[in-house]
Amino acid sequence: MTDNDTSGPQGGDAGGGPRGQQPGSAPQWPYGSQPAEASPGSQDGPAPQEAGPQPVAPPPPAYGSVPSAPPQTGQASPYGSAPAHGSAPTYGSAPTSGSAPTYGSASPYGAQPSPYGSASPYGAQGTVAQPLYATPVPLGPDGSVPLWAPHYDAGPVVAVKRFFQKYATFSGRASRAEYWWAVLANSVLWAVLGVGSLLAGTAGSTTYPDGTSDPGPGFYPFVAIFAVLLLGTIVPWLALGVRRLHDVDLSGLLILLNFVPYLGGLVVFILSLLGPKPGGARFDRPTS
């Protein structure tokens, strides 16, 4: 080996490559480093870098912090933040002013709910009675239901009292409570009178050999009571039946079906079981 031989493994740079590389192979650079571009006037050294500050990328936001840049239009806002103008609010976020609330979102604090279907505050007194499936009934100055209007919360005493107060009133309406409490009171009265007449007629009765018998003298006063009761209540019973049909929004002439044997009374009985209807208000005749 002569002094001019420089191609050995311990020789200098051969072919312009870095130390330790074989001639004719691609240059290899250390891990992580980048080759410098050659300047226009030089082919050996790297190009000088321009002077001046380099832009620094902003650091990522910390965990739980809100990014400072506002979201773009149409992009969902982060959880808990208000959406930008024109963007759809995310689930659970309150809608901004002028935007329609999403399905299931609660009304803002202090907003008044819709009056339709809303319940009255606890303990608040209403100005009108609210019957089921019927029109509201205005109350009098003392808070009672006027006589011309149907009483949907009537008790037995009130029903019997209104039965006689509206003795021959065929206009207006009568609620189911007014009608059936009066029917029950009349049935109890007739049952009591029937038992009393039976006991009074047994004492002093006369039995004949053919099996017939005559009641005792105590039976005849009850006969007079039955006659007076029947004749004295036939008009208010007809009036009450007509008003009950009016409350169902039917013509009061259907009460004449009671004079049809068997089937007519059954039809009137079924109609009297029906609930009130708003159209029945056309039969009312309000009075001051």
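Residue numbers run from 1 in the order of the sequence given. Any value given below was found using the heavy atoms of this structure, including those in side chains, with hydrogens, waters and symmetry copies removed.
- Between the side chain of R244 and the backbone N or O of L274 there is at least one donor-acceptor pair closer than 3.5 Å.
- One distance of note links NE2 of H151 with OG of S144; it measures 7.5 Å at 0.5 Å rounding.
- When all heavy atoms of V235 and A168 are compared, the closest pair comes out as CG1-CB, 4.0 Å.
- Atom CZ of F283 and atom CG of D249 lie 6.0 Å apart (nearest 0.5 Å).
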Sequence neighbours excluded and cut-off under 3.5 Å, please list the side-chain donor-acceptor pairs for residues 189-201, or say none.
from, atom 1, to, atom 2, distance (Å)
W190, NE1, N186, OD1, 3.2
S197, OG, L193, O, 3.2
S197, OG, G194, O, 2.8

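- Rounding to the nearest 0.5 Å places CZ of R282 at 11.0 Å from NZ of K277.
- To the nearest 0.5 Å, the span separating CG on D247 from CG on L271 amounts to 12.5 Å.
- A heavy-atom distance below 4.5 Å is found between the side chains of L273 and W180.
- Looking at every heavy atom in both residues, P286 comes nearest to W148 through CA-CD2, 3.5 Å.
- Taken to the nearest 0.5 Å, the OG atom of S272 stands 8.5 Å off from the CD1 atom of I255.
- To the nearest 0.5 Å, atom OG1 of residue T233 and atom CG of residue L238 are 9.5 Å apart.
- Cluster annotation: L257 is connected to V248 through the hydrophobic network of ILVMFWY side chains, with a link wherever side-chain heavy atoms come within less than 4.5 Å.
- E178 and L240 get closest at one heavy-atom pair: O-CD2, 4.4 Å.
- With sequence neighbours left out, T212 forms a side-chain hydrogen bond (donor to acceptor under 3.5 Å, both in side chains) with D210.
- Closest non-hydrogen pair, L147 versus K166, comes out as O-NZ, 3.0 Å.
- In this structure, L231 places its CG atom where more than 12 heavy-atom neighbours from other residues, nucleotides or ligands lie under 6.0 Å away.
- In this pair, W237 and F163 present their aromatic rings tilted. The plane angle is within the 30 to 60° band.
- Side-chain contact between W181 and V160 is absent, with no heavy-atom pair separated by less than 4.5 Å.
- Considering every non-hydrogen atom in both A203 and P217, the closest pair reads O-CD, 4.1 Å.
- Nearest approach of A154 to A159, heavy atoms of both residues: CB-N, 4.5 Å.
- Within a 6.0 Å sphere centred on CZ of F269, heavy atoms belonging to other residues, nucleotides or ligands number 12 at most.
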